[in-house]
Amino acid sequence: MAHVVVVGGGPAGSAFAITAARCGHDVVLYDDGRRLRSWPGESLPSGGGELAASVFGAAILDGHRRAYGTASAWDSSELVAHDYMGHWAGNGWILDRARFDETARERAAESGVKVVSEKVTAMPEDADWVVDASGRAGALLSRLGVSRITCDDQVALIGVVPDGGGEHVTTVETAPEGWWYTTPLPDGRRVVALVTDSDLVGLDRHATWSASLAATTYIRELARDVSGVDVRAYPSGTAYRERMVGNGWLAVGDAAVCFDPLSSQGLVTGIVMAARAATMLGGDLDAWEADYRVVLDEHLAVRDEYLRSETRWPDATFWLRRLNPPG
């Protein structure tokens with residue numbers, strides 16, 4: 001039995017903690033509450049709910065909204081629907097992210113994990129394993145000098161508005177400045193987000209968001225009342241650590257790999273890979289890291305192919321960068 005310290009109480013950290021405890025390890029999970037400020041509008045793709053439930057139990061999906069498909073206007077002015085009902089894995093899920101995270105931490109405590117509401121300011125010295133699950137910041141890895149490699153400098157400009165109706169689907173539409181998505185939330189509101197490059201955002205991010213929204217065809221109809229909306233910026237680029245495993249430490253979730261939101265892959269991958277790592281403590285974690293890098297490489301290949309398929313604005317800076325990436 002190992003003494004394991006997990007730093008970060010998001011889904012990946014909780015998944016690791018729960019699984020490690022079930023494997024007989026002594027686990028302490030530190031959470032300072034900052035994960036409660038995660039961006040809104042998180043979703044699980046088709047089959048993702050079942051994967052999350054396999055780690056946290058079926059109750060992890062209570063209070064969330066089933067998603068029955070997506071609709072996208074990509075490289076076309078036509079909105080094309082993609083129905084999950086015909087998908088072998090079934091429906092997806094639209095999450096209340098704060099509730100999802102809180103339930104995950106509750107399941108950790110019920111599994112025998114000691115949950116401590118404190119911020120960790122230094123590397124724990126009494127642990128056999130320290131797990132960095134602190135999100136994109138990767139606070140512990142940064143202290144160890146493990147470099148973070150960024151693939152782009154994307155941000156998501158996100159506003160939350162009253163939901164004026166529409167189907168329970170995520171709608172995606174491209175624009176010269178980047179690409180938009182909107183999704184209803186379980187609480188009767190709607191997320192409206194522009195994904196673009198940080199240097200394409202003007203000094204007034206609300207003005208950038210509003211001007212681009214006004215030029216969309218489908219997103220603006222679903223957004224409806226955007227008066228007085230508070231537009232916030234969230235990092236949304238793809239990034240990864242040069243190493244994910246070391247002597248007595250490892251990284252999971254966004255501390256290890258951040259996925260482009262276009263894939264809706266980040267949350268469920270973080271949960272699954274964290275749980276798998278917990279079963280391999282004391283084993284061949286180098287093989288786990290190698291598999292994680294395969295997942296990342298596949299993600300980048302699919303992402304790049306999809307982004308290059310949008311050819312309507314070849315001279316717009318955002319898309320020109322995707323058609324002709326550096327190097």
Side-chain angles (χ1 to χ4, degrees), residues 1-38 52 54-57 101-149 239-258 266-267 269-293 295:
M1 180 178 72
H3 176 47
V4 182
V5 171
V6 181
V7 180
S14 294
F16 186 98
I18 288 169
T19 308
R22 289 172 179 166
C23 291
H25 299 295
D26 173 38
V27 186
V28 180
L29 174 67
Y30 286 90
D31 175 61
D32 63 6
R34 289 185 296 171
R35 293 290 300 178
L36 292 176
R37 294 194 293 271
S38 297
S54 71
V55 176
F56 299 117
D101 287 16
E102 182 179 0
T103 303
R105 284 190 294 273
E106 290 172 353
R107 294 294 171 270
E110 293 167 1
S111 299
V113 175
K114 182 180 179 181
V115 179
V116 180
S117 300
E118 294 179 6
K119 181 178 181 180
V120 175
T121 58
M123 286 293 293
E125 297 181 356
D126 62 341
D128 299 306
W129 285 95
V130 178
V131 180
D132 191 337
S134 62
R136 284 180 176 267
L140 297 183
L141 268 64
S142 296
R143 291 192 180 97
L144 291 171
V146 181
S147 298
R148 184 171 182 266
I149 300 168
Y240 58 95
R241 292 285 172 171
E242 62 172 347
R243 290 181 294 147
M244 302 176 196
V245 177
N247 184 21
W249 63 265
L250 64 106
V252 297
D254 282 353
V257 181
C258 301
L267 180 58
T269 300
I271 291 169
V272 171
M273 292 303 291
R276 183 181 170 201
T279 67
M280 299 175 69
L281 281 183
D284 190 4
L285 281 168
D286 288 337
W288 169 83
E289 179 176 357
D291 288 345
Y292 215 152
R293 294 194 182 279
V295 172

**Student:** Enter the distance from R148:CZ to C258:SG here, rounded to the nearest 0.5 Å.
**Tutor:**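 Between atom CZ of R148 and atom SG of C258 there are 5.0 Å.
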**Student:** What are the two closest heavy atoms between V55 and A275, and how far apart are they?
**Tutor:**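 Scanning both residues, the minimum pair turns out to be CG2-CB, 4.0 Å.
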**Student:** Could you give all pairs that pass the salt bridge (charged side-chain N to carboxylate O under 4.0 Å, His left out) test and reach residues 269-280, with sequence neighbours left out?
**Tutor:**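 Sorted pair list: R276-D291.
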**Student:** Please report the shortest heavy-atom distance between Y292 and A256, naming the atom on each side.
**Tutor:** CE1-CB, 4.1 Å
**Student:** Regarding E110 and R107, does a basic nitrogen lie under 4.0 Å from an acidic carboxylate oxygen?
**Tutor:** yes
**Student:** Looking at every non-hydrogen atom in both residues, tell me the closest pair between A274 and A12 and how far apart they are.
**Tutor:**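 That would be CB-O, 3.3 Å.
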**Student:** Report the distance from atom CG of D31 to atom OG of S117, rounding to the nearest 0.5 Å.
**Tutor:**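 OG of S117 is found 6.0 Å from CG of D31.
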**Student:** What pairs with R293 under salt bridge (Lys or Arg N to Asp or Glu O under 4.0 Å), at least two apart in sequence or on another chain?
**Tutor:**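 Partners of R293 under the salt bridge (Lys or Arg N to Asp or Glu O under 4.0 Å) test: E289.
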**Student:** What pairs meet the side chain to side chain donor-acceptor pair (under 3.5 Å) rule with one or both residues in residues 11-24, with sequence neighbours excluded?
**Tutor:**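 Counting only pairs at least two positions apart or across chains, no side chain to side chain donor-acceptor pair (under 3.5 Å) contact touches residues 11-24.
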**Student:** Report yes if some heavy atom in the side chain of V6 is under 4.5 Å from a heavy atom in the side chain of V252; otherwise report no.
**Tutor:**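 SC-SC contact between V6 and V252 ruled out.
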**Student:** Do any pairs count as a side chain to side chain donor-acceptor pair (under 3.5 Å) and have a residue in residues 278-288, sequence neighbours left out, and if so which ones?
**Tutor:**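 Not a single pair qualifies under side chain to side chain donor-acceptor pair (under 3.5 Å).
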**Student:** For A255 and G138, which heavy atoms make the closest approach, and how far apart are they?
**Tutor:**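 Here A255 and G138 meet closest at CB-CA, 4.2 Å.
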**Student:** Looking at S142 and A137, what are the two nearest heavy atoms and their distance?
**Tutor:**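 Where S142 meets A137 most closely, the heavy atoms are OG-O, 3.4 Å.
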**Student:** Which value, rounded to the nearest 0.5 Å, describes the distance between C23 atom SG and I18 atom CD1?
**Tutor:**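 C23 SG to I18 CD1: 12.0 Å, rounded to 0.5 Å.
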**Student:** Which pair of non-hydrogen atoms, one from A108 and one from L29, has the smallest distance, and what is that distance?
**Tutor:** CB-CD2, 4.3 Å
**Student:** Nearest 0.5 Å please: distance from the CZ atom of F16 over to the CE atom of M273.
**Tutor:**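 Spacing of CZ (F16) from CE (M273) equals 12.0 Å.
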**Student:** What pairs meet the salt bridge (charged side-chain N to carboxylate O under 4.0 Å, His left out) rule with one or both residues in residues 241-253, with sequence neighbours excluded?
**Tutor:**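 Listed by first then second residue: nothing to list.
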**Student:** Please list, one pair per line, the donor and acceptor atoms closer than 3.5 Å that link side chains of residues 122-132 to other protein atoms, with sequence neighbours excluded.
**Tutor:**
unit_1 : atom_1 : unit_2 : atom_2 : d
D128   : OD2    : H3     : N      : 2.7
D132   : OD1    : S134   : N      : 3.0
D132   : OD1    : S134   : OG     : 2.5
D132   : OD2    : L140   : N      : 3.0
D132   : OD2    : L141   : N      : 3.0

